[in-house]
Protein chains: 2
Amino acid sequence: MAGKKRSEMMEETRAKLIASARKAFAEKGFAAASMDDLTAEAGLTRGALYHNFGDKRGLLQAVVDQLDAEMAARARDIGAKAGNDWDGLLAEGVAYIEMALEPEVQRIVLLDGPAFLGDPSQWPSQNGCLQETRRTVERLIAQGIVRPLDPEAAARLLNGAALNAALWVAACDDPQDVLAKAVEAFRVLAEGLLARPS
Amino acid sequence: MAGKKRSEMMEETRAKLIASARKAFAEKGFAAASMDDLTAEAGLTRGALYHNFGDKRGLLQAVVDQLDAEMAARARDIGAKAGNDWDGLLAEGVAYIEMALEPEVQRIVLLDGPAFLGDPSQWPSQNGCLQETRRTVERLIAQGIVRPLDPEAAARLLNGAALNAALWVAACDDPQDVLAKAVEAFRVLAEGLLARPS
DNA sequence: CAACACACATACACTCCGTATGTCAACTCA
DNA sequence: TGAGTTGACATACGGAGTGTATGTGTGTTG
């Protein structure tokens, strides 16, 4: 079995390590996750890890990149399904809140990522979600729907608001009820961006 | 010298350890800070640390509590100086952004705190900044200035937006310019909370 | 003043990361 | 095709760090 080339094998081990790391980081957090346990669960040793990713942070970076790409793709799809850009922006924001409820996203991308890798906008993956939101804001400004302001700033604050909303929902007792309140508050805040009719 | 009672001595060692920890955590981050180095700089050993704080996280919690109390007090003062509650809310938000630019606050309270202690609202100190903002929002709702919505949700999102704004400013090349953009965006977003004249 | 309590120091066991070295299969090329 | 080489990964080792168990000296109390 397995007529694989060396490069294919290597891609496979990378994928296995990243998959194990996603689980371990999400469950125990980056700091508490043991590389020995990680690699063992993937049927490998730390040798493979250091060979492929350099060090522990390198593995975290790879995991974050993968998650971020998935999140950006989902946000794009959801935004595209909306009737117009404004509804798209709101839908993206709500989607971001809901994604941030998943342990993998919350723990790895939103908590450990910034703590161990630094500011998200400086990541190699360039924080796809942020870019997605920024582009939507830029379109809305061009259309005159949103007030002229720095799109990067707006995207930053919107995503930040969504993140904290998600942390709140994730830690509360009644997620159903709190999620509704958080989404409502997000919508209200976002409306501040709208160009006033006045 | 030193006609001190035992309890006074203990308070003093706690204060010394917390002070050293603030420096070390802010400079190296919680994970990379060594307890041996920490305590040595305070003229003590790890024995004192484990006796007073239980474990490394306990020390982080104590540091975070202290910083949080200071931040809440500053926010309260700044909010009180404003002419009305609405200006107070904006001033608090801007102050929060500016405080988050200080390395101690950013690194310890905003990055390592959530990563190692979990959701801020569940901290024993109960996140004074958040409570401060929430109370201001409650007053504004009572006055009919802000739309009726969940004050906790609004406070959460506002603080989250401010936090991300600060991370952005701290990591950028031109803090002066970016800070202005961030503050502007914050103001615009916050205006979404205002009751529409309709 | 004798006995205790307690704040803190010391010593030890364990885990974990990173690196240096080893090994074996896959690829190359004569 | 087979000897040499490369490279992906495993193994072995050293250093550092946390947490705990035990020791010690000073302050407190009856």
Side-chain angles (χ1 to χ4, degrees), chain A residues 1-21 23-64 108 112-113 115-117, chain B residues 1-21 23-64 107-108 112-113 115-118:
Chain A
M1 67 173 177
K4 313 222 173 171
K5 297 202 167 79
R6 276 229 282 224
S7 59
E8 290 172 350
M9 290 294 294
M10 198 160 174
E11 267 314 303
E12 194 177 316
T13 71
R14 283 179 63 93
K16 280 197 286 192
L17 287 174
I18 291 178
S20 288
K23 249 189 283 187
F25 291 166
E27 286 169 8
K28 307 182 175 186
F30 174 72
S34 158
M35 312 284 271
D36 283 319
D37 298 350
L38 255 191
T39 51
E41 187 174 320
L44 298 163
T45 70
R46 291 216 321 282
L49 204 157
Y50 283 93
H51 186 72
N52 281 282
F53 299 99
D55 63 353
K56 198 181 182 184
R57 282 183 52 209
L59 179 59
L60 176 60
Q61 184 74 66
V63 171
V64 164
I108 301 175
D112 288 339
F116 290 97
L117 301 176
Chain B
M1 68 172 175
K4 315 220 173 172
K5 296 201 168 78
R6 279 231 281 224
S7 59
E8 290 172 349
M9 292 292 296
M10 197 159 175
E11 267 314 303
E12 194 177 316
T13 70
R14 282 180 63 94
K16 280 197 286 192
L17 288 174
I18 291 177
S20 288
K23 249 189 282 186
F25 291 167
E27 286 169 8
K28 308 183 173 186
F30 175 72
S34 159
M35 311 284 269
D36 282 320
D37 297 350
L38 256 191
T39 51
E41 187 173 320
L44 296 163
T45 70
R46 291 213 326 280
L49 204 157
Y50 283 93
H51 186 73
N52 280 283
F53 300 100
D55 62 353
K56 197 181 181 184
R57 282 182 53 211
L59 179 59
L60 175 60
Q61 184 75 67
V63 170
V64 164
R107 177 86 237 188
I108 302 175
D112 288 338
F116 290 97
L117 300 176

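Letters go in sequence order (proteins before strands), and every chain restarts at 1.
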**Student:** Atom CZ in Arg14(A), atom CG in Leu59(A): separation rounded to 0.5 Å?
**Tutor:**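 Here the interatomic distance stands at 9.5 Å.
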
**Student:** In whole angstroms, how far is the P atom of dG25(D) from the CE atom of Met9(B)?
**Tutor:**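 It is 17 Å, rounded to the nearest whole Å.
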
**Student:** Would you say that more than 12 heavy atoms from the other residues, nucleotides or ligands in this model lie under 6.0 Å from the NZ of Lys23(B), or not?
**Tutor:**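 Atom NZ in Lys23(B) is not packed in, count stays at 12 or less.
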
**Student:** How far apart are the closest heavy atoms of Ile18(A) and Ala62(A), and which atoms are they?
**Tutor:**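 Closest pair (atom of Ile18(A), atom of Ala62(A), distance): CD1-CB, 4.0 Å.
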
**Student:** Just the rounded figure in Å: distance from P of dA16(D) to NZ of Lys56(B).
**Tutor:**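 Taking NZ of Lys56(B) and P of dA16(D), I get 15 Å after rounding.
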
**Student:** Strictly below 4.0 Å, heavy-atom distances to any atom of DNA chain D: list the hits from residues 44-54 of chain B, or just say none.
**Tutor:**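 Listed by number, they are Arg46(B), Tyr50(B).
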
**Student:** What distance do Leu17(B) atom CG and Phe53(B) atom CZ have between them, rounded to the nearest 0.5 Å?
**Tutor:**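 That separation rounds to 5.5 Å.
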
**Student:** Nearest whole Å is fine: how far is dT18(D) P from Phe116(B) CZ?
**Tutor:**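 After rounding, the gap between these two atoms is 11 Å.
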
**Student:** Looking at every non-hydrogen atom in both residues, tell me the closest pair between Ala21(A) and Val63(A) and how far apart they are.
**Tutor:**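 The answer is CB-CG2, 3.6 Å.
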
**Student:** I need the CG-P distance between Asp55(B) and dG19(D), as an integer number of Å.
**Tutor:**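 Asp55(B) atom CG is separated from dG19(D) atom P by 5 Å.
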
**Student:** Using the rule given for side chain to side chain contact (heavy atoms under 4.5 Å, CB included), can you reason through His51(A) versus Thr13(A), listing the C-alpha separation, both sets of side-chain angles and the distance that settles it, and then say yes or no?
**Tutor:** CA-CA 11 Å; His51(A) 186 72; Thr13(A) 71; over 6 Å; no

**Student:** For Lys16(A) and dA8(D), give me the distance from atom NZ to atom C1', rounded to whole Å.
**Tutor:**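 Between C1' of dA8(D) and NZ of Lys16(A): 13 Å.
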
**Student:** Restricting to non-hydrogen atoms, name the atom on Leu38(B) and the atom on Ala24(B) that form the minimum distance, rounded to 0.1 Å.
**Tutor:**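 Nearest pair, atom of Leu38(B) first, then Ala24(B): CD2-CB, 3.5 Å.
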
**Student:** With the threshold set at under 4.0 Å for non-hydrogen atoms, list the residues of residues 30-39 of chain B touching DNA chain C in residue-number order.
**Tutor:**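 Under 4.0 Å from DNA chain C: no residue of residues 30-39 of chain B.
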
**Student:** So does Thr13(B) get a side-chain nitrogen or oxygen closer than 4.0 Å to the phosphate oxygens (OP1/OP2) of dC8(C)?
**Tutor:**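 Affirmative; the distance criterion is met.
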
**Student:** Between C1' on dG19(D) and CZ on Arg57(B), what's the gap in Å once rounded to a whole number?
**Tutor:**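 Roughly 14 Å, once rounded to whole Å.
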
**Student:** How many whole angstroms separate atom CG of Leu17(B) from atom C1' of dA7(C)?
**Tutor:**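 So the two atoms are 12 Å apart, to the nearest Å.
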
**Student:** Output the rounded distance in Å from CE (Met10(B)) to C1' (dG27(D)).
**Tutor:**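 One finds 14 Å between C1' of dG27(D) and CE of Met10(B), rounded.
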
**Student:** Nearest heavy-atom pair of Ala26(B) and Arg107(B): which atoms, and what distance?
**Tutor:**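 Scanning both residues completely, I find the closest heavy atoms to be O-CG, 3.7 Å.
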
**Student:** Drop me the distance from Leu49(B)'s CG to Met35(B)'s CE, to the nearest 0.5 angstrom.
**Tutor:**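 One finds 4.0 Å between CG of Leu49(B) and CE of Met35(B).
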
